[in-house]
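Chain letters run A, B, ... following the sequence lines, proteins first and then strands; every chain starts at 1. What you see below is based on every heavy atom in this structure, not just the backbone, and it leaves out hydrogens, waters and symmetry mates.
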Amino acid sequence: MNSLVSFYRSSIGKKVVMSLTGLFLCLFLVEHLVGNLLLFANDGGHLYEEYSQWLVSNPVIRVIEVVLFASLFGHALSALVVWIKNRRARPVKYAKYRLDENAELASRITMLGGSVIFLFLVVHLWSFFVPLRVTGTTMTAYQLVVQKFSDPWFCAFYLFALVVLGYHLKHGFQSAFQTLGLMHKKYQWLLGLTAFVFWFVLPAGFASLPVYFYFFSPPTPSAVVLGVQ
Amino acid sequence: MQKSDFYRGTIHSLASSTIMNLTLKIWRQRNRDDAGKFATYQISNVSPDMSFLEMLDVLNVDLIKKGDEPVAFDHDCREGICGSCGLMVDGRAHGPGRGVATCQVHMRSFRDGDVVVIEPWRAGPFPVIKDLIVDRTSFDRIMQAGGYVSVKTGGAPDGNAIPISKHVSDEAFDAAACIGCGACVAACPNSSAMLFVAAKISHLALLPQGGPERKARALRMVEQMDKEGFGNCSNNYACEAECPKEISVAHIARLNREFLKAKLT
């Protein structure tokens, strides 16, 4: 136990926790996107509904859900501790500091991006997770998606958050491998390619949903009954 | 016209056409306890062929002539080897350019009329001693914690007794090129010393002589680095960009590997 505590107390230990939790969250994003793509089935949300029910009723998924929330908490908390320590390491700031000439934009806005993503998660969970799983609603998951994505401001916020997520992952994904000591020039190209899938393809896939539902999807009969559009 | 006169005239006209007048905003601080502030100086007739430190020498001569206190700055070899010099020039550690120490920056990097901001390295573990000089003994303490190999004293060993492959020795040498100037800390938004510690650990981990103390070295040096109050690496790689010896961040990946192996095994 003591060695675990001393490991986490070290600067590298906290970064390793951030890397492992970050990579786990990346894996979750893949699963989440695959599930979301069922919304395109054009069957009034039937397939998506079945998938949602299967997720909720599967005990393994419920355990993974707990690990997921723990990872999110561990990632954010470690980031905050690291960020505070980093600010303290330079008590007197430079009058002129040209970090922009030496570091990519994505690497300079990781904490800011993380904060936006956290805010997005609050909105996201409040909009979908809370009514579906906590407070209860008469709507199906599909109907809720259609209703929420009929609001242009909601869609705009989603798209903005997804651009931020892209930047966050552009730095974060490769950064995780560097922190875990797995970066090597021999397979840098493979890592770069995989990172591209995570920071570009994945957010673009998520972004396709609000775009599709706002511009192209006609409201379902049930959505009309519920007063949407 | 004599040939020598022709050359002298050409050189004179070339030089005079590029002579610069600059405004320098320099951090002045009497001692560790002084709050410090920027002072502005005008400097004229700066030759583009001067090194940055020579330009400061000229400024100091002017200040001494006026009876003012000269600007204190660290320097020694003035050829990019010793790691003594280190100034934040216009927001860049060691000034403009890549792979150079401050002493290797030439004034041709600037233009007539430029305002040049000169600051000391800024980091909690590098307190300012005076003006542009900072106390970098935190690096020494990290080295004392494990940046060495223990050897039995006696006759000098045969240099070729231990075979080391060329690519490994090259990689170890790339890391060993670190001059401990602290530019990595100065350039890092988190004042992290990871590139410095990585260079030292990588250098010794790659060579057989560093083998026996490998685990203890990684643990102790990282522990001391944290104790000194350096920030955490956030993989911005500004350190690599500003390192006068262009030491790769791949060594930081190796440091992380060494630390994890030592902690977990």
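More than 12 non-hydrogen atoms from other residues, nucleotides or ligands lie less than 6.0 angstrom from CZ of F149(A). Within a 6.0 Å radius of CZ in F129(A), other residues, nucleotides and ligands contribute more than 12 heavy atoms. Residue-environment remark: CZ (F160(A)) stays at or below the threshold of 12 foreign heavy atoms within 6.0 Å. The environment of R88(A) atom CZ is sparse: at most 12 non-hydrogen atoms of other residues, nucleotides or ligands sit within 6.0 angstrom. Atom CZ of R141(B) has more than 12 heavy atoms from other residues, nucleotides or ligands within 6.0 Å. At most 12 non-hydrogen atoms from other residues, nucleotides or ligands lie less than 6.0 angstrom from CZ of F73(A). Remark: R108(B) CZ is packed, more than 12 non-hydrogen atoms of other residues, nucleotides or ligands lying under 6.0 Å away. Atom NZ of K166(B) is surrounded by 12 or fewer heavy atoms from other residues, nucleotides or ligands within 6.0 Å.
Using a 4.5 Å cut-off between heavy atoms, F230(B) contacts chain A through its backbone alone, with no side-chain atom that close. Proximity to chain B (any heavy atom under 4.5 Å) is shown, for K185(A), by neither the backbone nor the side chain. If you measure heavy-atom distances from F126(B) to chain A, you find no contacts under 4.5 Å at all. Proximity to chain A is limited to the backbone of C188(B), based on heavy atoms less than 4.5 angstrom apart. In this structure, chain A has no heavy atom under 4.5 Å from any part of R254(B). For A93(B), no part lies under 4.5 angstrom from a heavy atom of chain A. Interface residue R87(A): only side-chain heavy atoms are found under 4.5 Å from chain B. For L260(B), the part lying near chain A is the side chain, with the backbone staying farther off; criterion is any non-hydrogen pair under 4.5 Å. For V249(B), the parts sitting under 4.5 Å from any heavy atom of chain A are the backbone and the side chain alike.
Between S175(A) and S234(B), the closest heavy-atom pair is OG-O, 4.3 Å. In terms of heavy-atom proximity, P120(B) sits nearest to Y94(A) at O-CE2, 3.5 Å. Of all heavy-atom pairs spanning P125(B) and A89(A), the tightest one is CD-O, 3.9 Å. Scanning all heavy atoms of the two residues, the minimum distance from V185(B) to R90(A) falls at O-NH2, 2.9 Å. Across R257(B) and M183(A), no two heavy atoms sit closer than the pair NH1-O, 3.9 Å. N102(A) and A241(B) make their closest contact through OD1-CB, 3.6 Å (heavy atoms, listed as atom of the first residue, atom of the second, distance).
Note: P189(B) leads A250(B), G229(B), P189(B), C239(B) in heavy-atom pairs under 4.5 Å with chain A. For the options A106(A), G13(A), A95(A), heavy-atom pairs under 4.5 Å to chain B are most numerous at A95(A).
In this structure the side chain of K85(A) reaches within 4.5 angstrom of the side chain of N232(B), judged on heavy atoms. Here the side chains of K96(A) and V116(B) are not in contact, with every heavy-atom distance at 4.5 Å or above. At least one side-chain heavy atom of Q178(A) sits less than 4.5 Å from a side-chain heavy atom of Y237(B). Taking the side chain as every heavy atom from C-beta outward, K15(A) and N235(B) approach each other to under 4.5 Å.
For the 3.5 Å distance criterion, the side chains of S11(A) and D226(B) qualify, holding a donor opposite an acceptor.
Proximity of a side-chain donor or acceptor of Y97(A) to a complementary backbone N or O of A187(B) within less than 3.5 Å is detected. Judged purely by atom type and a 3.5 angstrom limit, N86(A) has no side-chain atom pairing as donor or acceptor with the backbone of G231(B).
Rounding to the nearest 0.5 Å places NZ of K263(B) at 3.0 Å from OG of S6(A). Rounding to the nearest 0.5 angstrom, the gap separating the CD atom in E101(A) from the CZ atom in R98(B) is 7.5 Å. Going from atom CG of N236(B) over to atom OG1 of T110(A) covers 6.5 Å, rounded to the nearest 0.5 Å. The CD1 atom of I12(A) sits 10.5 Å away from atom CD of E258(B), with the distance rounded to the nearest 0.5 Å.
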